[in-house]
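Report on the following structure.
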Amino acid sequence: MTSTAGAPPTHSTPADLAPGFLTGGVVGASLAAFIGGCVVGRAPLVLTGLVLPAVYGLVFFLATLPRRAREAAVAPRTALAVIESREAVRGETSDVPVRFDLSVVPEDAPAFRVEMRQDVNLVELADYRPRAVVVVEYPPDRPWRTRIVTRPTPKWEERAAVAQVDSVPGPAMKSETPEGCSSGLLNLLGLLLGAAAVLLLFRADLFGSQGGASGAPEPSVSSSSTTTVTSSAITVTSATGTVALGPRQSMLDEGELRAAVASLTKVAGRRQALSVVVQDRLLTVVFSPTGGKSAGFDPRSLPYDRVPGLVEEAGTTVGAESPRSWQLTADGVTGSLTLRVVVTDGGSTGTLRADGRGKVLRKSGS
């Protein structure tokens, strides 16, 4: 005979696979956000990586609370069962997972056959030999969740000691249905999609900043590209170094331009510069060739503290306190160092010229 409570599902439904997919997505997103936030020094990303699993766990708990309450409201049924067979799955610890094949014979319900897994202490394993009668409990609506009662009441223990339980024919219901490869693939897909979503949403923070947590720009000195500077019919070829800042950074920020120039001179050595071009987030230095004497200046001698003031003063020529774009060019090829600032705002252009110390020599607007 078989139980009338119904058999366990033999395959996974979309509702069964959805939690695994969502869990994989949350795990991938939280790991990507936490690790990425630590690398680039972004507190919102780190906070997202910590808060997202907690929020998901709370939502999952609240969503499954009605179902778990309904299951808990069903009182388990106690019955006698005979062990048809047993098989220890593995034995690394004192509690060994054992797979049991049981014939369960309730008093007021049809008998059924079930296959289940339960941890058994090594000391007590001999008590669960084949053909031994044991006391079990199971939910009436889910008999495949049968469990052996390891400490039954004296009444049921006495009944199990003297009872004779016959085997139940037919296939055994399984308490654990194999999930198959589809569940694992969905979990992996959710993990990858979660990580990709974080990388896409926060790509500006993760990939736009070149300086990591400290905010210092990473230098990039070109070795293949060249720049030709012509002065007094003499052509000089030199290497070019650039530094690009990430989002929400500017060369006008305190210490940013000085750090960018220092990073380039550290890579290129103590070479003279023929020109330095500074924009809001880009620094370009044209270095003089090595192994020969040529005109130039030390890029570290620029009046860094005067650059923000020069840009602001050039902006006043077009009536803009914060111009849309600006560029400072330091040129020392023709002799003394000169600075030229050009700002644009709408259709207006302002120009300012200063000496090597940042003293304004001339300014005009159009």
Side-chain angles (χ1 to χ4, degrees), residues 1-13 15-16 19-20 57 60-180 183:
M1 300 176 63
T2 58
S3 173
T4 59
T10 57
H11 62 278
S12 298
T13 63
D16 298 327
F60 185 81
F61 173 80
L62 296 177
T64 58
L65 187 60
R67 176 182 59 82
R68 290 184 285 107
R70 289 194 304 269
E71 294 178 356
V74 179
R77 180 175 294 170
T78 306
L80 296 179
V82 61
I83 300 176
E84 301 291 349
S85 64
R86 71 176 189 185
E87 179 185 0
V89 179
R90 57 183 183 274
E92 291 85 355
T93 62
S94 59
D95 290 335
V96 182
V98 181
R99 183 181 294 112
F100 291 97
D101 186 354
L102 303 176
S103 291
V104 183
V105 184
E107 290 182 341
D108 54 352
F112 59 92
R113 191 86 168 257
V114 64
E115 183 180 304
M116 44 81 68
R117 180 184 295 187
Q118 186 168 331
D119 292 344
V120 178
N121 192 280
L122 282 173
V123 178
E124 302 175 349
L125 188 59
D127 298 336
Y128 300 100
R129 61 190 182 280
R131 302 309 305 168
V133 178
V134 294
V135 181
V136 298
E137 284 185 348
Y138 66 93
D141 57 339
R142 299 181 306 280
W144 54 87
R145 295 189 178 181
T146 299
R147 305 294 295 173
I148 296 176
V149 181
T150 57
R151 298 291 183 268
T153 63
K155 176 184 175 181
W156 280 101
E157 187 175 7
E158 182 179 351
R159 292 183 58 181
V162 299
Q164 296 291 330
V165 180
D166 296 330
S167 298
V168 178
M173 293 181 292
K174 295 181 181 294
S175 62
E176 296 178 353
T177 56
E179 295 183 349
S183 177

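What you are looking at is a predicted structure, and each value in this text was computed from that prediction instead of being measured.
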* Test side chain to side chain donor-acceptor pair (under 3.5 Å) applied to Arg129 - qualifying residues, sequence neighbours left out ->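 Checked Arg129 against side chain to side chain donor-acceptor pair (under 3.5 Å); zero matches.
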* To do: Can you sort out the partners of Arg147 under side chain to side chain donor-acceptor pair (under 3.5 Å), two or more places apart, ordered by chain and number?
  =>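 Here no residue qualifies.
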* **4.5 Å side-chain heavy-atom contact, Val136 and Met116** =>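 Contact flag for Val136/Met116 side chains = no.
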* Does a sphere of radius 6.0 Å around CD in Glu124 hold more than 12 heavy atoms from other residues, nucleotides or ligands, not counting ones at 6.0 Å or beyond? ->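 Yes, because the 6.0 Å sphere around CD of Glu124 holds more than 12 heavy atoms from other groups.
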Non-neighbouring partners of [X] that pass side chain to side chain contact (heavy atoms under 4.5 Å, CB included), sequence neighbours left out:
| X | value |
| --- | --- |
| Val98 | Arg86, Val96, Phe100, Val120, Leu125 |
| Arg68 | Phe61, Thr64, Leu65 |
| Asp119 | Asp95, Pro97 |
| Glu137 | Pro76, Thr78, Val149 |

* Start with the C-alpha gap between Arg145 and Tyr138, add the side-chain angles, then the distance that decides, and say whether side-chain contact (heavy atoms from CB on, under 4.5 Å) holds. => CA-CA 6 Å; Arg145 295 189 178 181; Tyr138 66 93; 5.9 Å; no
* For Pro140 against Ala75, the heavy-atom pair lying closest together ->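 Scanning both residues, the minimum pair turns out to be CD-O, 3.4 Å.
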* Which heavy atom of Pro106 sits nearest a heavy atom of Ala79, and at what distance? ->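 Residues Pro106 and Ala79, closest heavy atoms: CA-CB, 3.7 Å.
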* Distance from Ile83 atom CD1 to Leu102 atom CG, nearest 0.5 Å? ->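 CG of Leu102 is found 6.5 Å from CD1 of Ile83.
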* **Approximate separation, where rounding is to 0.5 Å, of Arg113 CZ and Thr146 OG1** =>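 If we round to the nearest 0.5 Å, Arg113:CZ and Thr146:OG1 are 13.0 Å apart.
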* To do: Apply the test side-chain contact (heavy atoms from CB on, under 4.5 Å) to residues Leu80 and Val135: give CA-CA distance (whole Å), side-chain angles for both, the deciding distance (0.1 Å), then the verdict.
  => CA-CA 5 Å; Leu80 296 179; Val135 181; 4.0 Å; yes
* **All salt bridge (Lys or Arg N to Asp or Glu O under 4.0 Å) counterparts of Glu157, not counting sequence neighbours** =>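 Listed in chain order: nothing, the list is empty.
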* To do: Could you pull out all residues at least two apart from Arg70 that satisfy salt bridge (Lys or Arg N to Asp or Glu O under 4.0 Å)?
  =>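 Per chain and number, Arg70 pairs via salt bridge (Lys or Arg N to Asp or Glu O under 4.0 Å) with no residue.
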Side-chain donor-acceptor distances from residues 161-173 under 3.5 Å, at least two apart:
{"unit_1": "Ser167", "atom_1": "OG", "unit_2": "Glu84", "atom_2": "OE1", "d": "3.2"}
{"unit_1": "Ser167", "atom_1": "OG", "unit_2": "Glu84", "atom_2": "OE2", "d": "2.7"}
{"unit_1": "Ser167", "atom_1": "OG", "unit_2": "Arg131", "atom_2": "NH1", "d": "2.9"}

